[in-house]
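Because the structure is a prediction, the values reported are computed rather than measured. Note on naming: letters A, B, ... go to the chains in the order of the sequence lines (proteins, then strands), and numbering restarts at 1 for each one.
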2 protein chains.
Amino acid sequence: MHTMQCVTNKGAGAGLRERKKQATRAALSEAAVRLAAEHGAENVTVEAISNAAGVSPRTFFNYFDSHDDVFVMMDPDVGERVRRAIRDAPAELSPLDAVREAMAAELAEVELRHEVWSLRAKVFQKSPHLLARGLGLHMAEERDLARTIARRIDPDGPAGPDVHGGPGGSGSGTRSDSAAPAGADPCEDADIDLYPRLLAAVAGTAARVAIEHWYAHSPPLTFPEIFRDVFTHLSAGLPQPPAQTDDRPSDGRTTES
Amino acid sequence: MHTMQCVTNKGAGAGLRERKKQATRAALSEAAVRLAAEHGAENVTVEAISNAAGVSPRTFFNYFDSHDDVFVMMDPDVGERVRRAIRDAPAELSPLDAVREAMAAELAEVELRHEVWSLRAKVFQKSPHLLARGLGLHMAEERDLARTIARRIDPDGPAGPDVHGGPGGSGSGTRSDSAAPAGADPCEDADIDLYPRLLAAVAGTAARVAIEHWYAHSPPLTFPEIFRDVFTHLSAGLPQPPAQTDDRPSDGRTTES
DNA sequence: TCACACATTGCATGGTATGCAAATGTGCAG
DNA sequence: CTGCACATTTGCATACCATGCAATGTGTGA
């Protein structure tokens, strides 16, 4: 199992134990994507993935909650990083701009690790329900994101506890406990405003659309361009773009200048 | 198993055969929601649902592709109705407005069958992953919606076959074949523009947020109000709303004038 | 080195999902 | 009314998903 150069500083101040876990997780994730890109996610059993990664099938479930999660979860810390970026963004940025910048920074990885994302694209095309599942940020993340946005807008909000990541160790260990810790109150949502909730959801969706569109039109357009276009549409209120029969193949350019 | 008065004209020009299928589907769906509202979706087995509906467990899978689908699929024809409404909308409406109106018409049902949706809300609160799954329109629907929007904007588009529902019988029979009919080309996506794609995705997300927010703040606000507010935010470009700690109950009005 | 902590593994169990063939029920022509 | 054609239901068998538990092996700190 090859270890892999990670973009962010992972396994930095960690012992051998921690690094092995990271390696195992990466091996499973990569093997899964690689197999699924060829045969389709549905036709790749947990046994096959574990086998390709060189671990027991039982171990698979020590790292991922379900068969599908291995294709969807990429980095348990991405949500926390985005939220931190939003908190630390310059005060003069509008909420939408703050979210856009935070996501753009995180999605830079998409272009760096181009190959893996390209494979992931194949997987998602073959089984769209995976897209519905985890992309962007899944629902729990969306709630936290909404809360962070609300806090940025009005720090004296409904006294909800500020949402931070766990201790230094982070969630990179076995089994990320993303969902509610057993007895969490589902009515917790009630204190979130409509606007932050909407912004969080729409921003996540926008990121997803940007990625989808990017690997549908991969050659002519770069990801940052598409990402920028998407948020331009959004902040303009989604008006109908000026004609631009766009798909007419003669010209590569798609949307606005 | 009680039959049920359906809002739309179902089982109208149908024989006994068709009506029985509708009844079975409704019985399964209702039993599932009712049980899940109390015990949580995860703790309700297919056997229990089938048992409550008075059919064999095997029959359950003749109607729904998975355990989760029974909570999510409500009406196989809703997507087609929305698309038709968009096509038939007055030409002077902006794309965003056309989509908004089409969805509003469809979501009127949410207020009519208030009780079922209230139960559904409980289910979704207890297991958020269901929300992620099928809400509003799942991904396949989103693609069709995007195509319809593109066609409305530019009827002389990339010659993609216009997307319509099947013959009169509709998809109400056994097992809705929503996904690709076996050998569908996944690269079909490539000819859809960024703007229609984004609008379809964002509109779907907006509808979801409206429903979530509605049953999180059910008493003070009506669903049409929230729905209108959501799309107001959207068409305004998601600017930060004017302070308005909003939860303050004194005034019904939520966003801008 | 020794003992502790933790990850991996095998085994057992229960639930999910599908294919196939027999039984049952509906629709329709004779 | 009777019998045929067809669709649905059902039971059975099978494979996979997912979890709990106990035993084992390896990293960590004293």
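- Across D/dT9, D/dA18, C/dT16, the shortest atom-to-atom separation from the side chain of A/S66 is found for D/dA18.
- Considering only side-chain atoms of B/T24, the nucleotide from C/dT9, D/dT9, C/dA17 that sits closest is D/dT9.
- Between B/T59 and D/dT10 there is a side-chain N or O to OP1 or OP2 distance below 4.0 Å.
- With contacts defined as side-chain heavy-atom distances shorter than 4.5 Å, the pair A/L199/A/L145 does not qualify.
- Annotation: side-chain contact (heavy atoms from CB on, under 4.5 Å) contacts of B/A32 (sequence neighbours excluded): B/I49, B/V70, B/F71.
- A/A85 meets the side-chain contact (heavy atoms from CB on, under 4.5 Å) test with A/A102; sequence neighbours excluded.
- Following rounding to the nearest Å, A/N62 (CG) and C/dC6 (P) show an atom-to-atom distance of 14 Å.
- For A/K21, a side-chain nitrogen or oxygen approaches OP1 or OP2 of C/dA7 to under 4.0 Å.
- The CD atom of B/Q22 sits 12 Å away from the P atom of D/dT9 (whole-angstrom rounding).
- Distance CG (A/L28) to C1' (C/dA7): 13 Å, rounded to an integer number of Å.
- Residue B/S56 places no side-chain N or O under 4.0 Å from the OP1 or OP2 atom of D/dT9.
- Considering only side-chain atoms of B/V46, the nucleotide from C/dT26, C/dT16, D/dC17 that sits closest is C/dT16.
- A salt bridge does not link A/E18 with A/R25: every distance from a Lys NZ or Arg NE/NH1/NH2 to an Asp or Glu carboxylate oxygen is 4.0 Å or more.
- When rounded to the nearest whole Å, the span between CD of A/E47 and C1' of D/dA18 equals 15 Å.
- For B/Y63, the side-chain atoms get nearest to D/dT9 when compared with the rest of C/dT9, C/dT26, D/dT9.
- The CG-P distance, from B/D65 to D/dC16, rounds to 19 Å in whole Å.
- The CD-C1' distance, from A/E18 to D/dG27, rounds to 12 Å in whole Å.
- Distance CZ (B/F60) to P (C/dT16): 8 Å, rounded to an integer number of Å.
- Residues A/R83 and A/T148 come closest through the heavy atom pair CD-OG1, 3.1 Å.
- Applying the salt bridge (charged side-chain N to carboxylate O under 4.0 Å, His left out) test to pairs two or more places apart or on separate chains, those with a residue in residues 32-47 of chain A are A/E30-A/R34, A/R34-A/E115.
- In this structure, B/K20 does not reach the D/dT8 phosphate: none of its side-chain N or O atoms is under 4.0 Å from OP1 or OP2.
- Note: CZ (B/R25) to P (D/dT8) measures 12 Å, nearest angstrom.
- Under the side-chain contact (heavy atoms from CB on, under 4.5 Å) criterion, A/A104 pairs with A/F227, sequence neighbours left out.
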Protein-nucleic acid N or O pairs under 3.5 Å, nucleotides 19-22 of chain C:
from	atom 1	to	atom 2	distance (Å)
C/dG19	N7	B/R58	NH2	2.9
C/dG19	O6	B/R58	NE	2.7

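- At a threshold of 4.5 Å between non-hydrogen side-chain atoms, the residues A/V46 and A/F64 do not count as touching.
- Here the side chain of A/H67 is nearest to one of D/dA18, D/dT10, C/dG10, namely D/dA18.
- The side chain of B/T45 lies closest to C/dT16, out of C/dT16, D/dA18, C/dT9.
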